Each structure stands twice: as C-alpha cells, then as structure tokens.
Peer 1: 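This is the structure I want to talk about, given as structure tokens.
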2 protein chains.
Amino acid sequence: MVFNIIHAKQIFTDFLRKGSYRVTSERSEVLEFAFKQVQHFSADELFLAMKNEGSNVSRATVYNTLELLVKCGILSKHNFLGKESRYEKNLGAIEHDHLICVNCGKIIEFDNAEILKIQENICEKYGFVAINHSFITYGFCKNPDECKTNGKD
Amino acid sequence: MVFNIIHAKQIFTDFLRKGSYRVTSERSEVLEFAFKQVQHFSADELFLAMKNEGSNVSRATVYNTLELLVKCGILSKHNFLGKESRYEKNLGAIEHDHLICVNCGKIIEFDNAEILKIQENICEKYGFVAINHSFITYGFCKNPDECKTNGKD
DNA sequence: TTCCTAAATTAGATTTAGTCTAAATATCAA
DNA sequence: TTGATATTTAGACTAAATCTAATTTAGGAA
Ligand SMILES: [Mn+2]
Ligand SMILES: [Mn+2]
Ligand SMILES: [Zn+2]
Ligand SMILES: [Zn+2]
C-alpha cells in the first residue's frame with residue numbers, strides 16, 4: 001500500500017524499471033498532479049487542471065499514465081453509474097468501497113474486510129486469481145435534509 | 001422478483017400506469033426483445049437485433065425503455081471494465097454478481113447472500129436506503145487452458 | 001366516439017469519453 | 001556518444017449515449 005508522494009514515486013519508478021518502461025518527466029508530472037487531488041477525478045479533469053497550471057503534458061499521455069498508475073496500485077479506477085472513469089489515490093490497507101445516492105450524488109466511502117473474504121472464497125471456488133474489485137451500493141439518503149446539496153465526490 | 005415474460009409484462013404495465021407513463025407498443029416490443037436475450041446485451045446490440053428482425057423502434061426509444069426496465073426491476077444494468085452498459089434479465093431471488101477475467105474476458109456469475117447482508121449493515125450505519133448494488137471482481141483464470149477462448153458474456 | 005393535450009417517438013445531429021495515428025522527440029543500453 | 005526503440009504529441013477518429021424539434025400517439029374528458 002502507498003503512503004505518500006515519495007513512496008508513490010518509488011513504487012512507480014520500480015514498476016516502470018521492472019517492466020522496462022521508460023521513466024519520463026511526463027509520467028512523473030502526471031503522478032504528482034494525480035497525488036495532489038483530494039477527491040475522485042476524471043482523466044480529463046486532471047488533464048485540464050495540469051494544463052491550467054502550465055503543464056504541457058498531452059491528453060493521450062495523461063490517459064495512458066493513469067492506466068499505468070492503476071496497474072501498479074497507486075491509483076484506483078471507478079465507474080460510478082456508468083459515467084466516465086474516475087480515479088483516486090490508494091492509501092489505506094484495504095481497498096475502500098462506495099455508497100452512492102442516486103438522488104443527490106453524495107458518495108460515502110467505507111472499508112469492509114468481509115468483502116475481501118467473500119472475494120477470496122469466490123475466487124477459490126471458481127479457479128480465479130483476484131486482482132481487484134468494485135463494490136458499489138446505489139441508494140438514497142434516508143434523511144431528506146442531507147439529500148439536497150449535490151455533494152458529488 | 002421477475003419470473004417470465006407474462007409476469008414481466010404485468011410488472012412493467014403496473015409500473016407505467018402507477019407512474020402515469022404511457023403504455024406503448026414500442027415499450028412492449030423492447031421488453032419482449034430484451035427478455036429473449038439469453039446473455040448480457042448492450043442497448044445498441046438490442047436496437048440492431050430488433051431492427052434486424054423487422055422492428056421499427058428507434059435507437060432513442062430502445063435506450064429510454066431499457067432505463068425504465070431497470071427502474072422497475074425487470075433488468076439489471078452493468079458496467080464491466082468501464083465499457084458500454086450491458087443489461088440482463090433479473091430472474092432469481094438474489095441479484096447475482098460477477099467475476100471477470102481481464103485476460104480472456106470470461107464472465108462468471110455467482111449468487112452470494114452475504115453481500116446483501118453487508119449492504120444492509122453499511123446502509124444502516126450511514127443512513128442510506130439501498131436500491132441495488134454492483135459487485136465485480138476482476139482477475140484472471142488460474143488454469144491457463146481455460147483462459148484462451150474469448151468467452152465473453 | 002371524437003377531440004384534445006401532454007407524452008412519446010423519431011431521424012439525425014450533437015456531445016463526450018476515450019482511442020488511434022504517424023511524425024517528432026527522448027530514454028537508456030551499449 | 002550513439003542509435004534503436006519507446007514515448008509523446010496534436011489532432012483525427014470512434015463509439016456510446018444524449019439531445020432536438022418535428023411528428024405521432026395514448027388516453028382522459030366531454
Ligand atoms: Mn473513493
Ligand atoms: Mn449477469
Ligand atoms: Zn442523497
Ligand atoms: Zn481468462
């Protein structure tokens with residue numbers, strides 16, 4: 001599991017070297033900007049944020065690098081409600097999951113170790129090797145007062 | 001839960017009446033074709049299949065009707081690997097889940113009541129009312145012989 | 001049954017996320 | 001330092017899904 005940007009850079013560099021990918025300034029830049037994001041973000045949002053702060057990394061490179069960052073475990077990628085892919089840092093011990101209000105868009109994050117156990121059992125049963133998972137519960141806020149402001153992300 | 005096409009038609013008509021939507025021949029046609037599908041299918045695949053068998057229902061109506069069929073519980077909608085949405089009939093007592101091989105594309109379906117319990121607990125904890133969920137484990141086939149034919153769906 | 005209005009349908013345009021291309025550039029092993 | 005080849009780039013392209021505005025239809029009222 002990843003802790004901070006120093007650690008993330010180490011992991012990324014090792015991953016690139018090990019896979020005989022090249023270590024480039026563009027890839028480092030994408031990692032740095034991705035790591036600065038505090039919420040879920042889309043590839044295009046990151047590309048625009050970078051551009052906005054003077055970066056010249058291309059859209060294609062942002063998309064490609066995000067995939068590499070997912071592969072080496074620094075980021076997670078989600079597809080909420082069939083919308084564009086959204087990414088986020090992977091910091092904790094457990095890959096967290098999401099509860100989404102289909103009414104106001106609120107996203108609640110939670111850790112649940114039991115889900116990992118279920119995943120293991122199922123993989124054992126069907127002869128699979130798990131890489132990761134996506135568990136999303138769709139519903140709505142019980143308290144109407146909390147279901148107003150569109151608290152996306 | 002839905003059992004067969006007769007039952008599905010009943011549920012759909014009730015849902016439409018109750019929501020003061022109109023009962024149209026196009027909506028019935030989409031339901032009939034959707035129900036004939038034996039595997040996961042995309043909106044466009046269904047549209048083309050219908051067209052191919054002489055139906056004149058438009059693409060927009062197919063897309064819209066599939067959403068209604070999801071809302072009333074007749075179909076489920078999935079987003080595997082961030083690709084186009086895929087639909088399927090909802091027949092059993094438990095909303096089944098999926099195991100996907102990122103190498104060969106194989107999809108294994110499984111029932112797991114524990115996941116529903118976890119969902120209930122989490123919703124209780126965070127003041128949510130669950131509608132449905134999506135649980136997908138990504139991984140690869142342990143047995144290389146089984147990981148060849150691209151057994152999609 | 002006929003009439004009327006809002007809802008639904010339609011073909012095709014548009015939007016959007018993401019991928020592809022081929023020319024220019026940079027990495028890194030030798 | 002050099003050169004093979006991996007990477008980056010701008011912009012073209014693709015595919016899924018949504019939107020539009022004109023036309024048709026469902027179903028309630030009379
Ligand atoms: Mn999250
Ligand atoms: Mn299924
Ligand atoms: Zn809400
Ligand atoms: Zn496989």
Side-chain angles (χ1 to χ4, degrees), chain A residues 9 12-34 40-51 54-72 75 77-87 102 152-153, chain B residues 9 12-34 40-51 54-72 75 77-87 102 152-153:
Chain A
K9 283 192 172 190
F12 196 31
T13 303
D14 290 352
F15 167 82
L16 293 174
R17 292 252 153 78
K18 205 165 156 191
S20 47
Y21 291 106
R22 290 177 180 175
V23 177
T24 69
S25 60
E26 290 84 358
R27 285 173 174 165
S28 298
E29 253 191 277
V30 174
L31 170 54
E32 279 158 24
F33 274 87
H40 301 135
F41 59 93
S42 71
D44 234 66
E45 281 169 11
L46 192 72
F47 167 67
L48 293 173
M50 289 175 69
K51 194 170 186 170
S55 168
N56 291 312
V57 177
S58 73
R59 172 174 271 114
T61 296
V62 171
Y63 273 84
N64 293 336
T65 305
L66 287 174
E67 288 309 301
L68 293 173
L69 290 168
V70 169
K71 271 195 188 140
C72 71
L75 301 182
K77 181 181 182 180
H78 307 292
N79 288 95
F80 301 132
L81 285 165
K83 303 285 183 196
E84 10 70 71
S85 294
R86 299 187 75 76
Y87 300 82
V102 296
K152 277 205 177 163
D153 280 299
Chain B
K9 283 191 170 189
F12 195 32
T13 303
D14 290 352
F15 167 82
L16 293 174
R17 292 253 154 78
K18 205 166 155 189
S20 47
Y21 291 106
R22 290 178 180 175
V23 177
T24 69
S25 60
E26 291 83 358
R27 284 173 174 166
S28 298
E29 254 190 277
V30 173
L31 170 54
E32 279 158 24
F33 275 87
H40 302 133
F41 58 92
S42 71
D44 234 66
E45 282 168 9
L46 192 73
F47 166 67
L48 293 173
M50 289 175 69
K51 194 170 187 171
S55 168
N56 292 313
V57 178
S58 73
R59 172 173 271 117
T61 296
V62 171
Y63 274 83
N64 293 337
T65 306
L66 287 174
E67 288 309 299
L68 292 174
L69 291 168
V70 169
K71 272 195 188 138
C72 71
L75 300 182
K77 181 181 181 179
H78 308 291
N79 287 95
F80 301 131
L81 285 165
K83 303 288 182 194
E84 12 70 73
S85 294
R86 300 187 75 75
Y87 300 82
V102 297
K152 277 202 177 165
D153 278 300

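In the text below, chain A, chain B and the rest are named by the order of the sequence lines, each starting its count at 1. Being a predicted model, the structure only gives us computed values, none of them experimental.
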Peer 1: Tell me the interatomic distance from A:Y63, atom OH, to D:dC13, atom P, rounded to whole angstroms.
Peer 2: 19 Å

Peer 1: Are any protein N/O atoms closer than 3.5 Å to N/O atoms in nucleotides 20-24 of chain D? If there are, list each pair with its distance.
Peer 2:
none

Peer 1: Of all heavy-atom pairs between B:F12 and B:C72, which one has the smallest distance, and what is that distance?
Peer 2: CD1-SG, 3.9 Å

Peer 1: When the axes are fitted on five pairs at both termini, how much does the helix from C:dT1-D:dA30 to C:dA30-D:dT1 curve, in 10° steps?
Peer 2: 40°

Peer 1: Rounded to whole angstroms, how far apart are OH on B:Y87 and P on D:dA16?
Peer 2: 12 Å

Peer 1: Give the C-alpha distance, both sets of side-chain angles, the deciding distance and a yes or no for side-chain contact (heavy atoms from CB on, under 4.5 Å) between B:L48 and B:D44.
Peer 2: CA-CA 6 Å; B:L48 293 173; B:D44 234 66; 4.2 Å; yes

Peer 1: Using the side-chain hydrogen bond (donor to acceptor under 3.5 Å, both in side chains) rule, take A:E26 and A:T61 through it: C-alpha gap first, then chi angles, then the decisive distance, then the call.
Peer 2: CA-CA 7 Å; A:E26 290 84 358; A:T61 296; over 6 Å; no

Peer 1: Quick check on DNA chain C: between B:N56 and A:A43, whose nearest nucleotide comes earlier from the 5' end?
Peer 2: B:N56

Peer 1: If you define the side chain from C-beta out and look only at heavy atoms, does anything of B:V62 sit under 4.5 Å from B:L66?
Peer 2: yes

Peer 1: Please give me every residue in residues 16-29 of chain A whose heavy atoms get under 4.0 Å of an atom in DNA chain C, ordered by residue number.
Peer 2: A:R22, A:V23

Peer 1: Please find the pair of heavy atoms, one from B:F33 and one from B:A49, that lie closest to each other, and give the distance.
Peer 2: CE2-O, 4.3 Å

Peer 1: Closer than 3.5 angstrom, by distance alone: can the side chain of B:S28 be matched with the main-chain N or O of B:T24 as a donor-acceptor pair?
Peer 2: yes

Peer 1: Which nucleotide of DNA chain C is the first, and which the last, in the 5' to 3' direction, to come under 4.0 Å of a heavy atom belonging to chain A?
Peer 2: C:dA17 to C:dC28

Peer 1: So which of A:H40, A:R86, A:E67 actually passes side chain to side chain contact (heavy atoms under 4.5 Å, CB included) with A:K77?
Peer 2: A:E67

Peer 1: In terms of the nearest nucleotide of DNA chain D, which residue is placed more toward the 5' end: B:K77 or A:V57?
Peer 2: A:V57

Peer 1: To the nearest Å, how far apart are A:N64 CG and D:dT8 P?
Peer 2: 8 Å

Peer 1: Roughly, in whole Å, what's the span from CG in B:L81 to P in D:dA15?
Peer 2: 18 Å

Peer 1: Specify the closest pair of heavy atoms between B:V57 and B:E29, including all atoms of both residues, with the distance to one decimal.
Peer 2: CG2-OE1, 3.5 Å

Peer 1: Measure from the ring center of B:Y63 to the ring center of B:F47 and say whether it is less than 6.0 Å.
Peer 2: no

Peer 1: What integer distance in Å separates A:K51:NZ from D:dG11:C1'?
Peer 2: 11 Å

Peer 1: May I have the distance from B:E67 (atom CD) to D:dC19 (atom P), rounded to whole angstrom?
Peer 2: 12 Å

Peer 1: Are the side chains of B:L69 and B:T65 in touch, meaning some heavy atoms are under 4.5 Å apart?
Peer 2: yes

Peer 1: Hey, are the side chains of A:N79 and B:K83 touching, using non-hydrogen atoms and a 4.5 Å cut-off?
Peer 2: no

Peer 1: Just how far is it from atom CG of A:L68 to atom CG of A:L31, taken to the nearest 0.5 Å?
Peer 2: 11.0 Å

Peer 1: Under the salt bridge (charged side-chain N to carboxylate O under 4.0 Å, His left out) rule, collect the residues that match up with B:R27, sequence neighbours excluded.
Peer 2: none

Peer 1: Taking the side chain as C-beta and beyond, is there a heavy-atom pair between A:E32 and A:K9 under 4.5 Å?
Peer 2: yes

Peer 1: Where do A:F41 and A:E45 come nearest, in terms of heavy atoms and distance?
Peer 2: CA-OE1, 3.5 Å

Peer 1: How close or far is atom C1' of D:dT18 from atom CD of B:E84, stated in whole angstroms?
Peer 2: 16 Å

Peer 1: Could you go through nucleotides 28-30 of chain D and list every protein N or O atom that sits under 3.5 Å from one of its N or O atoms, giving the distance for each pair?
Peer 2:
none

Peer 1: Any base atoms under 4.0 Å from A:S85, or only sugar-phosphate, or nothing? Heavy atoms, all strands.
Peer 2: sugar-phosphate

Peer 1: Nearest 0.5 Å please: distance from the OG atom of A:S25 over to the CG atom of A:N56.
Peer 2: 10.5 Å

